[in-house]
Amino acid sequence: MARVVTIAMNKGGTGKTVSTVSLAAIAAKQGWRTLIVDADHQGNALMSFGGTTDTLPQTVFEVLTGQAATAIHSLADNLDILPADDQLALIDFEVMGAKPGRYPEPFRLLQRALAPVLSQYDFIFVDSPPSLGLMTGNALIAADAVIVPVQTEHFALRGLMKVLDAIEDIRQREHPDLEILGILPTMVDARTTLASEVMQEIRRFYQPKGIRVFESVIPRSVRFAAAPAYQGKPAVLVDPHNPLVKAYYELFEEAFGHVTAYD
Ligand code: ATP
Ligand code: MG
């Protein structure tokens, strides 16, 4: 039975997609049957593998709205994707504008869609959009656990508070078993004192509340930021010695405990 892990943060550009794709690729490399679900209309998860969302006949949108039974594509050994495209930006209007009774549980669309494939995977990683709307709600309710990537910069705590409040709200109202796996500091520039100050502040604030802040932190990688060098493949699959890749392996081990060698 798959463990469903959502990567969520309402702030944009905090490393959600890179974290989703990296953890999924590591899981697959270790032999776990793994599915990536893209719950973000930007469609960046598939793009991370060099794919284009322009020609997809079916996506998560059709599955959520009941127009298709499945839209899962194979990416690599042990690694599949349920991709998104910009149609998904219309999901809120589709659901709100539908006839009464058409979507009786609008926040459980993804949970329903994944139910038939849970037994086919060991891990399902869900990438979510930079907002706290319908799709993030769906991604959290469908999940067993959530990882919250946060950039170590000014205003980080503001975004963090909002997403953790939303998670707490969902736990109280809909899904008491939703586990916060941890807060993940991303794009950490070890040379700046700001990054370590922000990390300390996050640890000081959340650890007493029983919310884990991962020991693993993801460094800012200039080599990784020059993405074309990777020719449409996640760095995890092509650049095992990049510090960013090593950091994602460490995170995988810290979060899930199963890990083999870096390559
Ligand atoms: P969005 O909110 O738009 O979905 P996101 O939270 O998914 O964004 P990513 O797309 O993963 O964030 O990352 C944002 C940008 O930063 C991308 O261009 C990505 O290549 C780059 N990036 C991510 N992590 C790192 C890192 N550790 N070092 C350098 N660049 C990074
Ligand atoms: Mg993204």
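Just so you know, these numbers come straight off a predicted model, no measurement behind them. Order of listing sets the numbers, starting from 1, for every ligand and every atom in it.
Backbone or side-chain N, O or S atoms of Thr17 reach the Mg ion (ligand 2) at under 2.8 Å.
Residue-ligand proximity: Pro149 is placed with every non-hydrogen atom at 4.0 Å or more from ligand 1. Taking a 4.0 Å cut-off on heavy atoms, Asp40 registers as neighbouring ligand 1.
Taking the six-membered ring wherever Trp is involved, the centroid distance between the rings of Tyr121 and Phe123 does not fall below 6.0 Å.
Atom 9 (P) of ligand 1 has its nearest heavy-atom neighbour, among Ser19, Ser131, Gly15, Ala247, in Gly15. With atom 16 (O) of ligand 1 as the reference point, the heavy atom nearest to it among Met187, Gln151, His41 is part of Met187.
Residue Pro219 has at least one heavy-atom neighbour below 4.0 Å for each of these atoms of ligand 1: 26 (C), 27 (N), 28 (N). Residue Thr14 has at least one heavy-atom neighbour below 4.0 Å for each of these atoms of ligand 1: 5 (P), 6 (O), 12 (O). Within ligand 1, the atoms closer than 4.0 Å to a non-hydrogen atom of Ile218 are 27 (N), numbered from 1 in the order shown. Every atom of ligand 1 is numbered from 1 in the order shown, and the set under 4.0 Å from a heavy atom of Gly12 is 2 (O). Under a 4.0 Å criterion applied to the non-hydrogen atoms of Val18, ligand 1 contributes the atoms 11 (O), 23 (C).
Below 3.5 Å of separation, one finds an N or O of Lys16 facing an N or O of ligand 1. Backbone and side-chain nitrogen or oxygen atoms of Asp127 are examined, and none is located within less than 3.5 angstrom of a nitrogen or oxygen of ligand 1. Of the polar atoms of Pro130, none of the N or O atoms is found under 3.5 Å from an N or O of ligand 1, judged by distance alone. Ligand 1 has a nitrogen or oxygen under 3.5 angstrom from a nitrogen or oxygen of Gln42. Ligand 1 has an N or O atom lying under 3.5 Å from an N or O atom of Ser221, backbone or side chain.
Thr34 contributes a side-chain N or O that, together with a main-chain N or O of Trp32, makes up a donor-acceptor pair within less than 3.5 Å.
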After noting the C-alpha distance and the side-chain angles of Glu179 and Arg3, does the key distance pass the salt bridge (Lys or Arg N to Asp or Glu O under 4.0 Å) rule?
CA-CA 11 Å; Glu179 178 193 357; Arg3 180 138 199 235; 3.0 Å; yes

Start with the C-alpha distance between Lys16 and Asp127, add both sets of side-chain angles, then the distance that settles salt bridge (Lys or Arg N to Asp or Glu O under 4.0 Å), and finish with yes or no.
CA-CA 6 Å; Lys16 289 179 288 297; Asp127 190 14; over 6 Å; no

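His154 places a side-chain heavy atom less than 4.5 Å from the side chain of Leu194.
Among all heavy-atom pairs drawn from Val217 and Ala247, the shortest one is O-CB, 3.5 Å.
With salt bridges taken as basic N to acidic carboxylate O contacts below 4.0 Å, none links Arg204 and Glu201. A salt bridge links Glu153 with Lys11: the distance from a Lys NZ or Arg NE/NH1/NH2 to an Asp or Glu carboxylate oxygen falls below 4.0 Å.
When heavy-atom distances to ligand 1 are checked against a 4.0 Å cut-off, Leu244 comes that close only through its side chain, counted from C-beta outward.
The aromatic rings of Phe252 and Phe125 sit tilted, their planes meeting at an angle between 30° and 60°.
Considering Ile36, Leu75, Asp38 in turn, Leu75 is the only one that fulfils the side-chain contact (heavy atoms from CB on, under 4.5 Å) rule with Leu46.
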